[in-house]
Every structure is written in structure tokens, then in C-alpha cells.
Amino acid sequence: KKSILIYNPILDNGYVNVNMKKNQVLFIGSLTEKKGVFDLIRAFKKVSIKNPDWSLKIAGVGALDNCKELVKKLDLENVIQFYGWVDGKQKQKLLQESKVFCLPSYTEGFPMSLIEAWQNKIVPVVSNVGGIPDVVINNKNGFLIVPGNINQLTEKLNIAFNNDDLCSSILLEGEKFYMESFEIKKLDALISDLYFSLV
């Protein structure tokens with residue numbers, strides 16, 4: 001009864017130019033099994049058959065050689081690119097250009113990359129693990145999947161690629177939720193109000 005929840009804020013990145021958006025999926029995270037990056041690559045093989053104009057950008061470090069080997073095995077070298085560790089302008093460019101953010105993790109706490117996706121007007125496709133289902137409502141402000149379910153991941157990506165009306169609604173809800181719960185000026189005010197209430 002005496003607890004209050006205030007999320008971590010993220011800095012305002014300025015104007016998001018939707019004209020920069022490409023048919024591009026973005027993964028940001030460790031290149032490990034538990035982050036689901038190998039599942040994403042396998043799902044992208046399926047989804048790219050009907051959506052050859054889409055690409056996947058993978059940013060992060062870890063089992064890079066294993067990821068590249070799988071990409072080569074699945075003949076996806078023309079549509080999947082690796083960027084290694086990104087930050088600053090390079091990270092912001094990837095966020096600005098992407099239409100879909102995907103994090104099919106097996107375990108998570110509360111990924112700030114999800115909030116960055118909402119901030120940058122990106123449709124999130126994420127696992128229902130950790131703190132994610134506390135903030136993502138399936139088909140309302142994002143798409144939720146069961147980790148390890150590659151068929152379901154493929155299905156959600158197909159919807160994200162082809163259902164413009166639903167995605168537009170998801171983007172509006174995501175932006176609204178970001179502004180209400182993560183925008184730094186609003187959270188500054190909440191923290192200030194909390195301190196004043198304590199004294």
C-alpha cells in the first residue's frame with residue numbers, strides 16, 4: 001500500500017522522421033541462445049519467402065561466428081547484416097530506420113531497448129518473459145510471443161510486415177504509453193512529487 005512504481009526514463013532523442021523508415025527489422029542484444037537471436041534468424045528464413053523486400057539488422061556481440069554460419073547455411077546473407085556493438089549515432093540511425101523491433105528472449109528483466117522502440121515509432125515483437133508482459137499488451141501496443149516458438153514468431157513478423165492498420169494502431173498506443181510512463185520530464189516530476197511527499 002505504501003509502494004509506488006516509477007520506471008527508468010530515457011533521454012529524448014528528438015524528432016523521429018518516419019520518412020526514414022525502411023522495411024527493416026532490428027535486433028539489439030547479446031548474440032546468445034537465451035536472447036533468441038538464432039530463433040529470429042530461423043524465423044526470418046521463413047518470413048522472407050513471402051517478404052523478400054524486408055531485411056534484418058543484428059546489433060550486438062557474442063556468438064557472432066555461429067550466427068554468421070547459420071545465416072550462410074540458410075542462404076540469408078543478402079538480407080541479414082551484422083553491426084557488432086552499436087551506440088550513439090550508429091544506434092540511433094538503426095532505430096530511426098527500422099519499422100519492427102524484435103527481441104525473442106528466453107529470459108529478460110526489463111529491456112530498455114523495448115522503450116527505445118516505442119520512442120522511435122517501431123513496432124515491437126517481443127517474448128512474454130520477465131517484465132515485458134507488464135507493459136506490452138498483445139496486439140495493442142506490441143506483439144507478444146512464447147520464447148522458442150519459431151512458428152509463432154514467424155506469424156507475428158508476417159502480421160507486422162503486412163497489417164498496416166494494426167501496426168499504425170500499435171504505434172499510436174506505444175507512443176502514448178512511452179509519453180505517459182517513460183518520458184524523462186514526466187518522470188522527473190513524479191520523482192520530485194515523491195520526495196516532497198516523504199518530507
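Numbers for residues simply follow the sequence, beginning at 1. Since we're looking at a predicted model, the values are computed, not measured.
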Subject >> Approximate separation, where rounding is to 0.5 Å, of K121 NZ and I170 CD1 >> reply: 14.5 Å
Subject >> Point-to-point distance, once rounded to the nearest 0.5 Å, from CG of D39 to OG1 of T154 >> reply: 9.5 Å
Original post:
Honestly curious: do V37 and V86 fall in one hydrophobic cluster under the side-chain, below-4.5 Å linking rule?
Top reply: yes
Original post:
Quick one: CD1 on I150 to CZ on F38, what's the gap to the nearest 0.5 Å?
Top reply: 11.5 Å
Original post:
With no hydrogens and no angle check, is any side-chain donor or acceptor of N120 less than 3.5 Å from a backbone partner on I122?
Top reply: no
**OP:** Scan residues 63-86 for pairs that pass salt bridge (charged side-chain N to carboxylate O under 4.0 Å, His left out), counting only residues two or more places apart or in two chains.
**Re:** none
Subject >> Test side-chain contact (heavy atoms from CB on, under 4.5 Å) applied to K50 - qualifying residues, sequence neighbours left out >> reply: none
Original post:
To the nearest 0.5 Å, what is the distance between CG (N51) and CG (N23)?
Top reply: 8.5 Å
Original post:
What are the two closest non-hydrogen atoms of A43 and L157, and how far apart are they?
Top reply: CB-CD1, 4.5 Å
Original post:
Looking at side-chain heavy atoms only, is the closest gap between S113 and L103 below 4.5 Å?
Top reply: yes
**OP:** For the pair E108 and S105, evaluate side-chain hydrogen bond (donor to acceptor under 3.5 Å, both in side chains) and give the outcome as yes or no after the intermediate values.
**Re:** CA-CA 7 Å; E108 277 295 340; S105 304; 2.8 Å; yes
Original post:
From I10 CD1 over to I115 CD1, what is the distance, rounded to the nearest 0.5 angstrom?
Top reply: 6.5 Å
Original post:
Is the backbone of V135 close enough, under 3.5 Å, to the side chain of N141 for a donor and an acceptor to pair up by distance?
Top reply: yes
Subject >> Passing candidate, side chain to side chain contact (heavy atoms under 4.5 Å, CB included) with C102, options L153, L26, L56 >> reply: L153
Subject >> Side-chain (S48) to main-chain (K45) donor-acceptor, under 3.5 angstrom >> reply: yes
Original post:
Is the closest side-chain heavy-atom distance between V125 and I145 below 4.5 Å?
Top reply: yes
**OP:** Scan side-chain atoms only and decide if N151 and K46 contain a donor-acceptor pair under the 3.5 Å cut-off.
**Re:** yes
Subject >> Shared hydrophobic cluster for I28 and F110 (ILVMFWY, side-chain gaps under 4.5 Å) >> reply: yes
Original post:
Would you say Q92 and Q96 make side-chain contact, with heavy atoms under 4.5 Å?
Top reply: yes
Original post:
Can you name the side-chain contact (heavy atoms from CB on, under 4.5 Å) partners of D165, sequence neighbours left out?
Top reply: N163
Original post:
Which pairs pass side chain to side chain donor-acceptor pair (under 3.5 Å) with one or both residues in residues 126-139, sequence neighbours excluded?
Top reply: none
Original post:
Out of curiosity, does I137 fall in the hydrophobic cluster containing L5 (side-chain heavy atoms, cut-off under 4.5 Å, transitive links)?
Top reply: no
Original post:
Checking side-chain contact (heavy atoms from CB on, under 4.5 Å) for the pair I159/E155: CA distance, chi angles, key distance, verdict?
Top reply: CA-CA 6 Å; I159 295 172; E155 176 190 355; 4.3 Å; yes
Original post:
How far does CD of E33 sit from CG of N66, to the nearest 0.5 angstrom?
Top reply: 8.5 Å
**OP:** Of all the heavy-atom pairs spanning L31 and G60, show the shortest one and how long it is.
**Re:** CD1-O, 3.5 Å
Original post:
Any link between I41 and Y106 through a network of hydrophobic side chains (Ile, Leu, Val, Met, Phe, Trp, Tyr) touching at under 4.5 Å?
Top reply: no
Original post:
Pairs in or reaching into residues 61-99: which pass ring pair (Phe, Tyr, Trp, His ring centres under 6.0 Å), with residues at least two apart or in two chains?
Top reply: none
**OP:** Go through the structure and list residues passing salt bridge (Lys or Arg N to Asp or Glu O under 4.0 Å) with K156, not counting sequence neighbours.
**Re:** none
Subject >> Residues which pass side chain to side chain donor-acceptor pair (under 3.5 Å) with Q81, listed by chain and number, not counting sequence neighbours >> reply: K57
Subject >> T32: side-chain contact (heavy atoms from CB on, under 4.5 Å) partners, not counting sequence neighbours >> reply: S30, K34, K35
Original post:
Does the ring centre of F101 sit less than 6.0 Å away from the ring centre of F27?
Top reply: no
Original post:
For Q152, which residues count as a side chain to side chain donor-acceptor pair (under 3.5 Å) partner, sequence neighbours excluded?
Top reply: none
Original post:
Taking only residues two or more places apart in sequence or in another chain, which ones pass ring-ring contact (aromatic ring centres under 6.0 Å, His included) with F161?
Top reply: W54
Side-chain donor-acceptor contacts of residues 177-199 below 3.5 Å, not counting sequence neighbours, with atom names and distances?
{"from": "Y178", "atom 1": "OH", "to": "Q119", "atom 2": "NE2", "distance (Å)": "2.9"}
{"from": "S181", "atom 1": "OG", "to": "F177", "atom 2": "O", "distance (Å)": "3.4"}
{"from": "E183", "atom 1": "OE1", "to": "K185", "atom 2": "N", "distance (Å)": "3.1"}
{"from": "E183", "atom 1": "OE1", "to": "K186", "atom 2": "N", "distance (Å)": "3.1"}
{"from": "S197", "atom 1": "OG", "to": "L194", "atom 2": "O", "distance (Å)": "2.6"}

**OP:** May I ask whether L114 and V146 are part of the same hydrophobic cluster, defined by side-chain heavy atoms of I, L, V, M, F, W, Y residues being less than 4.5 angstrom apart, directly or through others?
**Re:** no
Original post:
Mind checking what makes side-chain contact (heavy atoms from CB on, under 4.5 Å) contact with K22, not counting sequence neighbours?
Top reply: Q24, E97
